[in-house]
Amino acid sequence: MIDQILDYNKSFVERKDYEQYLADKYPDKKLAVLSCMDTRLTELLPAALGLKNGDAKIIKNAGGLVISAFDSAMRSLIVAIYELGVEEIMVVAHSHCGACHMSFDHFRDQMTARGVTEETLSTIEKCGIDLHHWLEGFKDTPTSVRSTVDTIKTHPLIPNDVVVRGFIIDSVTGLLEEIQ
Ligand code: ZN
């Protein structure tokens with residue numbers, strides 16, 4: 001698949017298809033969106049929010065979560081605010097998210113079936129990594145959105161004037177529901 005992508009890429013550039021996407025690194029709408037990596041959202045999310053190239057910083061991970069105050073999502077938001085002029089943040093989870101019902105026990109079974117040893121798992125946990133917390137899903141999407149919004153809003157490095165709001169987007173219709 002990657003080789004096919006590389007072939008496509010050459011013709012994309014030769015056709016100058018990139019010209020329709022020209023933008024600079026500063027988001028025109030001073031907006032950052034934290035959302036899920038779900039494939040249903042790849043084009044639906046920006047289309048349903050009316051975002052085009054150059055409009056917003058879109059940060060994605062499994063679930064659209066901040067799972068700890070100094071994780072990668074939080075780091076990206078800090079960069080978006082201080083380096084790129086972001087003033088508003090939308091946390092956008094979605095319906096039927098694959099990250100919702102993940103269970104660490106399931107991951108553990110899959111990992112050991114594919115050659116990861118129990119010794120490796122216990123060594124990682126001895127280093128202070130809580131794999132259970134890291135890989136466990138969330139039980140309830142609105143609660144998860146509130147938790148991520150709260151972690152961002154109350155973060156000691158986030159300025160008070162940054163607006164942070166939480167939403168769940170319908171994975172089919174794109175309808176946004178605000179989570180208070
Ligand atoms: Zn998801």
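Residues: numbered from 1 along the sequence shown. In listed order, ligands and their atoms are each counted from 1. Since the model is a prediction, treat every value here as computed from it, not as a measurement. Hydrogens, waters and symmetry mates are skipped; everything else that's a heavy atom, side chains included, is used.
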If only atom types and distance count, is the side chain of D109 paired as donor or acceptor with the main-chain N or O of H106 below 3.5 Å?
no
Flag for H96-S171: side-chain donor and acceptor within less than 3.5 Å
no
Centroid-centroid under 6.0 Å between F107 and H132 rings
no
Everything protein-side that's N, O or S and under 2.8 Å from the Zn ion (ligand 1): list it, residue and atom.
C36 SG, H94 NE2, C97 SG
Hydrogens and angles aside, do T117 and T120 bring a side-chain donor and acceptor to less than 3.5 Å of each other?
yes
E19, CD atom: more than 12 neighbouring heavy atoms under 6.0 Å:
yes
Going through the checks in order, is the side-chain contact (heavy atoms from CB on, under 4.5 Å) test met by T42 and L44?
CA-CA 6 Å; T42 304; L44 178 66; over 6 Å; no
